[in-house]
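Everything on this sheet refers to the single structure shown next.
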Amino acid sequence: MSRLAQTAGLTDDQRDILKTVREFVDKEIIPVATELEHRDEYPQRIVDGLKELGLFGLMIPEEYGGLGESLLTYALCVEEIARGWMSVSGIINTHFIVAYMLKQHGTQEQKDHFLPRMALGEVRGAFSMSEPGLGSDVSAITSKAVKDGDEYVLNGQKMWLTNGGTSTLVAVLVRSDEGHPEGTAPHKSMTTFLIEKEAGFGEVRPGLTIPGKIDKMGYKGVDTTELIMDGLRIPANRVLGGQTGRGFYQMMDGVEVGRVNVAARGCGVAQRAFELGVSYAQQRHTFGKAIAEHQAIQFKLAEMATKVEAAHAMMVNAARKKDSGERNDLEAGMAKYLASEYCKEVVEDAFRIHGGYGFSKEYEIERLYREAPMLLIGEGTAEIQKMIIGRRLLEEYRLQG
């Protein structure tokens, strides 16, 4: 039987890259993922291996030392990596969102300064929108930047920062009222700042503190933190794009890439859950035969495989739409919504197939069962995706006259 979730129309280079990544996942990630996850240990050896493969520069243009690959190639690589361990895909996701935002919106000086080192993995990116009381309402951001000569002074608290400790460059969205009179729409008075810092926890530069890791149900290994700014001074040349008031649009552009990434992660985790389920079903025997021979299990496997294929197809479509230069918020929202929901369902079905053993930490499906819920909320909840999808559909199908 051919492997699920194949992608038509790939170039030889794309196939070679995916083959290399798949081999790396099978050899270097899957055998150690569960042990590292249970210890909540940062996968340094795996990250070093990804750097050697050049994956931190996958979408960065060749002129800056990257591979210059498409969002589709990146998404398919993420799918493979998430199949091995979803946390590893999170390590590269925020890095690429920041690299993408720099490529699309940065000044030439900012591109020249950051992108070559990001391509090598020497500078590691993270981005931050959320705040403790924010939820999905980005317009309610309270963190603020105030102009002071040739610098800005930033104050506020950010939340759910992936790679908060290990990153050395953070793109942070804050309110900046300078040049925007009172009454300006909230999304027009936001600015993205590029904050350079030391890796680690505590005070990583004057005015900037990264507290310790947030203890999570799943998605372990990768460091998820808060970010506290207290009189943090940032030079004006570290405003992304060199002009205030554009931060919301820049972040939303990056989030579209992030939503394709989350969809790809959902596809990868679902793919692995199916592999575990179909394998266990052929090994476990009840009533004199493998449980895979029972019709009830066959029905479950059929549903799981169909969901894996459907989610993969929507993720590929969203990535290709973005690569074409077209608006893809509808496709990205649909892909993220479907892939994350199907991932949860496929993982739960694989868990059920394992029976009581699925509840044991000795079995990999236990880890996947705790990881899948993160995808339901990452880069916008299902409800947010439905709002985006619904509004875009009304734009396309609005009655005339």
Side-chain angles (χ1 to χ4, degrees), residues 56-57 59-66 94-129 131 138 141-158 161 163-164 166-181 184 186-200 203-210 227-255 257-258:
F56 281 96
M59 278 182 66
I60 294 174
E62 293 181 4
E63 64 189 284
Y64 299 106
T94 56
H95 177 83
F96 268 110
I97 291 177
V98 176
Y100 173 82
M101 290 168 62
L102 274 162
K103 181 183 73 171
Q104 294 296 109
H105 306 288
T107 65
Q108 191 60 53
E109 184 273 333
Q110 290 168 351
K111 295 176 186 179
D112 292 340
H113 182 74
F114 290 113
L115 288 180
R117 291 182 295 150
M118 293 186 78
L120 295 173
E122 294 175 357
V123 169
R124 300 269 298 285
F127 84 113
S128 179
M129 288 194 297
E131 295 182 0
V138 179
I141 280 177
T142 59
S143 296
K144 193 168 184 178
V146 176
K147 187 78 178 292
D148 183 19
D150 293 332
E151 296 180 317
Y152 288 85
V153 181
L154 277 59
N155 288 282
Q157 182 179 3
K158 310 298 281 187
L161 182 66
N163 292 328
T166 49
S167 61
T168 53
L169 173 66
V170 186
V172 177
L173 184 66
V174 301
R175 186 173 301 282
S176 57
D177 296 331
E178 174 244 345
H180 308 287
T184 300
H187 64 279
K188 292 183 178 180
S189 60
M190 294 184 186
T191 299
T192 302
F193 284 86
L194 301 170
I195 300 176
E196 297 172 85
K197 69 177 188 66
E198 296 293 327
E203 190 173 37
V204 291
R205 66 175 285 174
L208 180 64
T209 299
I210 304 292
L227 179 147
I228 300 170
M229 300 172 290
D230 184 10
L232 172 64
R233 290 187 168 272
I234 300 295
N237 65 0
R238 288 299 172 257
V239 170
L240 180 61
Q243 184 174 336
T244 62
R246 296 181 176 179
F248 179 82
Y249 304 101
Q250 295 163 346
M251 281 280 178
M252 290 304 104
D253 191 19
V255 165
V257 173

Query raised in the report: What distance separates Met190 CE from Met251 CE, expressed to the nearest 0.5 Å?
Result: 10.5 Å

Query raised in the report: Could you give the distance from CG (Leu169) to CE (Met118), rounded to the nearest 0.5 Å?
Result: 5.5 Å

**Report entry** Pairs flagged by salt bridge (Lys or Arg N to Asp or Glu O under 4.0 Å) wherever residues 106-125 is involved - sequence neighbours left out
**Finding:** Glu109-Arg238

Query raised in the report: Within a radius of less than 6.0 Å around CG of Asn237, do more than 12 heavy atoms belonging to other residues, nucleotides or ligands occur?
Result: yes

Query raised in the report: Gln104 side chain to Asp253 main-chain N or O, any donor-acceptor pair under 3.5 Å?
Result: no

Report task. Please list, chain by chain and in numerical order, all residues satisfying side-chain contact (heavy atoms from CB on, under 4.5 Å) with Asp148, sequence neighbours excluded. Result -> Val153, Arg233

Query raised in the report: Taking the side chain as C-beta and beyond, is there a heavy-atom pair between Val174 and Lys144 under 4.5 Å?
Result: no

Report summary line: What one should report as the nearest heavy-atom pair of Leu115 and Ala99 is CD2-O, 3.9 Å

Query - Minimum side-chain heavy-atom gap Met229-Lys158 below 4.5 Å - result: yes

Query raised in the report: Quick one: are Ser167 and Lys197 in side-chain contact, heavy atoms under 4.5 Å?
Result: yes

Query raised in the report: Can you name the nearest heavy-atom pair linking Gly200 to Ile210, along with the distance?
Result: O-CB, 4.0 Å

Query raised in the report: What residues, two or more places apart in sequence or in another chain, satisfy side-chain contact (heavy atoms from CB on, under 4.5 Å) together with Glu203?
Result: Thr209

Report task. Kindly say whether Thr142 contributes a backbone atom to a donor-acceptor pair with the side chain of Glu131 at under 3.5 angstrom? Result -> yes

Requested in this report: Give, for atom CZ of Arg246 and atom OG of Ser176, the distance between the pair rounded to the nearest 0.5 Å.
Outcome: 12.0 Å

Query raised in the report: Short question: side chain of Lys147, backbone of Ala236 - any donor-acceptor pair under 3.5 Å?
Result: no

**Report entry** Distance (rounded to the nearest 0.5 Å) between Thr94 OG1 and Leu161 CG
**Finding:** 7.5 Å

Query - Side chain Asn155, main chain Gly231, donor-acceptor under 3.5 Å - result: yes

Query - Closest non-hydrogen atom pair between Met101 and Gly254, with its separation - result: CG-CA, 4.1 Å

Query raised in the report: Between Leu232, Thr191, Thr244, which is the residue that forms a side-chain contact (heavy atoms from CB on, under 4.5 Å) with Tyr152?
Result: Thr244

Query raised in the report: For the residue pair Ser143 and Gln157, what are the closest heavy atoms and their distance?
Result: OG-N, 3.5 Å

Report summary line: All heavy atoms of Thr107 vs all of Gly242, minimum pair found to be CG2-N, 3.7 Å

Query - Taking every non-hydrogen atom, the tightest pair across Ala145 and Leu154 - result: CB-CD1, 3.7 Å

Query raised in the report: Is any side-chain heavy atom of Phe193 closer than 4.5 Å to a side-chain heavy atom of Leu240?
Result: no

Query raised in the report: Distance-only, no hydrogens or angles: does the His95 side chain make a donor-acceptor pair with backbone N or O of Phe56 under 3.5 Å?
Result: yes

Query raised in the report: What distance do Ile195 atom CD1 and Ile234 atom CD1 have between them, rounded to the nearest 0.5 Å?
Result: 4.5 Å

Report summary line: d(Leu194 CG, Phe114 CZ) to nearest 0.5 Å is 5.5 Å

